[in-house]
Structure formats: structure tokens, C-alpha cells
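Have a look at the structure below before the remarks.
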Amino acid sequence: MDTHSPARVPEALDRDLLERAGFRPVRVMEAEPVAEAVLALTLDSRQPFAPGAHLEVAVPAPSPTAAPSAAPEAGPDSGPDSASGYGAPATPETGAAEPLIRHYSLCSDPTGATPWQIAVLRHEDGDGGSEWIHSQVRAGDELFVRAPRASFRFRAALPALFIAGGVGITPLRSMLTFADGLGLDWRLLYIGRSGASMAFTRELEAEFGIERVEVWATAERGGRPDLAAVAGQWLREHPTAVVYTCGPTALMDAVAAGLEALPNRVEREVFDPAAAEAASGAGSAGAGAPTTVGPPFTVELADGGEVAVGRDESILEAFSRAGIRSLSSCRRGTCGTCETRILCGEADHRDAVLSPEEQAEQSSMMVCVSRAAGERITLDVKR
Ligand code: FES
């Protein structure tokens, strides 16, 4: 007997918190395995989005009685999580769990010609997000999503080489679909361990042809191609082209290594702060997450309350200590989930999400890492 009850997904979540943060329910039209450990979800929305954009998806937090979890997922389509119980810790106000927020790239047509689609890789050794989606979500359910956010820049007027590794195909699929619609000259090199582990290979080859789509299974071809050489060759043949890459950090580093003299010709999906700094040339090798340590200060809340933030804690941690519910995901200043509006005062920005121009505007901040620039700051947060 099928005991799955449709539309039960949001019931385990703190809907009030999510709706105040701009999340909304969207129906799952189809849930279909598309490769080993990869589940594609087709969602009931055709809202256009920027090529390469991603959705934030709310999933129930694992039970506190579950095994200790790994670090939270760091960004779209990536990061560890694990099988465990779900639905806790409950908040005193609602009895609902404070959710995990996970990021998944949209891989459908950005113009809205097809319904939204995401593809979720199952991580069995992480903190539970993808495991919950694989084991619990079915057609007819609802997901709570906040949509869509653009973090992977697409330059629509230039020829493009796309280099994908594994589930890194997802943002690149929306980009190449858009590029093809514009009539741009583009190619895809899609690398994975084996054909069975790679999503959408047949669809891509059938839709765009093998002259544009090269599928490279390392187990069958004796390893990875020389990515620096591939990218360099493409740029020699297409002097104005851009190379877009998404996948494991080692793969993206290999692509960038061949283009060190042309850093503005490479776009990569970066969610790790150290990698972001390295990619921009601003950081030192081996740099880790940004420090949240600094002088103590006070956060004034929109409802007149106050929260003291100590020297060794983040605003997010201080909110949690004070019983203020808030959303977060990476807690490293790289995903944007905890972005909070500044009502008065200025932030000492330490994130890798806002551009220098956005940081200078002082209209919002990432409360997982950034601090007040002075002794007080007022944020659009209520108890
Ligand atoms: S939780 Fe990801 S930027 Fe703060």
C-alpha cells in the first residue's frame, strides 16, 4: 500500500518563517531518476530566470537524535548530507522545525518554455538535505522554494565553451539552452566518471548534436582530458569567447590554470570563500572561511528589541541564542540565504556574495559572517 500523502512536504517545515523570508510552495510535477544517485524534479512554474540561476529549497532539519552530521552544503548542487530522522529541532512558537536551506541550479529553459527543473545528487555522508529529497519527495508534493537567484554570470553576446563536471551540468544546461536560443556559437564538454553517473547525456546529444556536445566518461576513456589545453584551444579559435565551468573544484581549477593570462574570460560557479578569493586573485593560498571575530556591538531589531553580539560570535549565532528564528545555509558567507536588510548603520562586510558595489550600498548584509562597522546597527528582523 502506498502510504505517501500528497502535499505533506511543507507540514514538517516552519511555514511562517519561510513565508516571511519570501519562500513559497511549488508543486512537484515529476520526480524521476536521471542518473546514478541523481533525481530530477520538475516543478510547476514557468517563471523565466537568469541562465545559471538556482533555487533555494527548504528541507526539514534532521532530528537531533540522528547521528552527528557533516558540514552544511556549501552551495548549489554540492555538499554533503546524510540519512537521518527529520523534523527537529522544533521551535517553541510553532512546533515546526527550523529548516535547512539547500541550493539547486535550475537546469530547464530560462525563458520559461519548459517547467522549472532541478537535479539533486544524493550525498549519503552529509547533513540530510539531498537524502530527504531522494527518500521523501514524490510527484504531487510541494516544495518550499525561494526563487530564482542568479550567482553564475552569463555573458549572452559572446561565443561560449561550457565545461561541466558531474552534476555541475545543471547550471550549464540552462546556459547552453539560452545560448542556443540566441544563435550563439557554443560547445559543451561534459565530463563524468561513467555514462551511468551522468545526467541528461542522451537528451543533450539528441537536442543539440554530438558536434556540439562531447560526453567524456573518464572510466571509459582512461582519465580526464587536458582541460587547460581544451580551453586554451577554444579561446585561440574564438578570440572573444568565454569559458563557463561548473563541477568539482579540481576540475574548475584545471580549466582556470590554462587561462591564467585571461582571467576575465572564465566564469565559474564558486561557493567556497577560499576558492572565490583564489579565483579573483585577491586571496592567499590556503585561506579558509572568513573570520567572524571582532569588537562586540549591538543589533537593534525592527520591533525595537536589541541583541548583543559578542566578540567571538556571529550575528546569526547571537540571534539563535536570543531565540530569534532566521534562515541560513552555508554559514560561510557564500550562499546568500541569510541576507538581511540594513535599516540603519553600516556593516563590516565579510561575505563572498555581494559585489563591492552592493557592499558599498549598505542596504543588506550576510549575518552569518558580517558584523557591524560601529557599535550599533539596525536590521529588518523581528522577534
Ligand atoms: S548562510 Fe550562506 S551567506 Fe550566510
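For ligands, and for the atoms within them, numbers begin at 1 and follow the listed sequence.
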Tell me: protein heavy atom nearest atom 3 (S) of ligand 1, and distance? Gly336 N, 3.3 Å
Please work out whether the ring planes of Phe154 and Phe162 are parallel, tilted or perpendicular, with thresholds of 30° and 60°. parallel
Report, rounded to 10°, the angle at atom 2 (Fe) of ligand 1 between the two atoms SG (Cys335) and SG (Cys330). 100°
Only heavy atoms of Gly333, strictly under 4.0 Å: list the atoms of ligand 1 that pass. 3 (S)
Under the side-chain hydrogen bond (donor to acceptor under 3.5 Å, both in side chains) test against Glu131, which residue among His123, Gln136, Arg122 passes? Arg122
Report, in ascending order of atom number, the atoms of ligand 1 lying under 4.0 Å from any heavy atom of Thr334. 3 (S)
Treating Thr245 as the side-chain partner and Ile163 as the backbone partner, does any N or O pair qualify as donor plus acceptor under 3.5 Å? yes
Go through ligand 1 atom by atom and flag the ones less than 4.0 Å from a non-hydrogen atom of Arg331. 1 (S), 2 (Fe)
Measure the spacing between CG of Leu55 and NE2 of His103 and express it to the nearest 0.5 Å. 10.5 Å
Interfacing atoms of ligand 1 (cut-off 4.0 Å, heavy-atom, Ser329): 1 (S)
Is Asp351 near ligand 1, meaning one of its heavy atoms is under 4.0 Å from it? no
Can you name the closest pair of heavy atoms from Met198 and Ile191 and give their distance? CE-C, 3.6 Å
Flag yes if more than 12 heavy atoms outside Arg341 fall under 6.0 Å of its CZ atom; otherwise flag no. no
Going by the atom numbers of ligand 1, which of them fall below 4.0 Å from some non-hydrogen atom of Cys368? 1 (S), 3 (S), 4 (Fe)
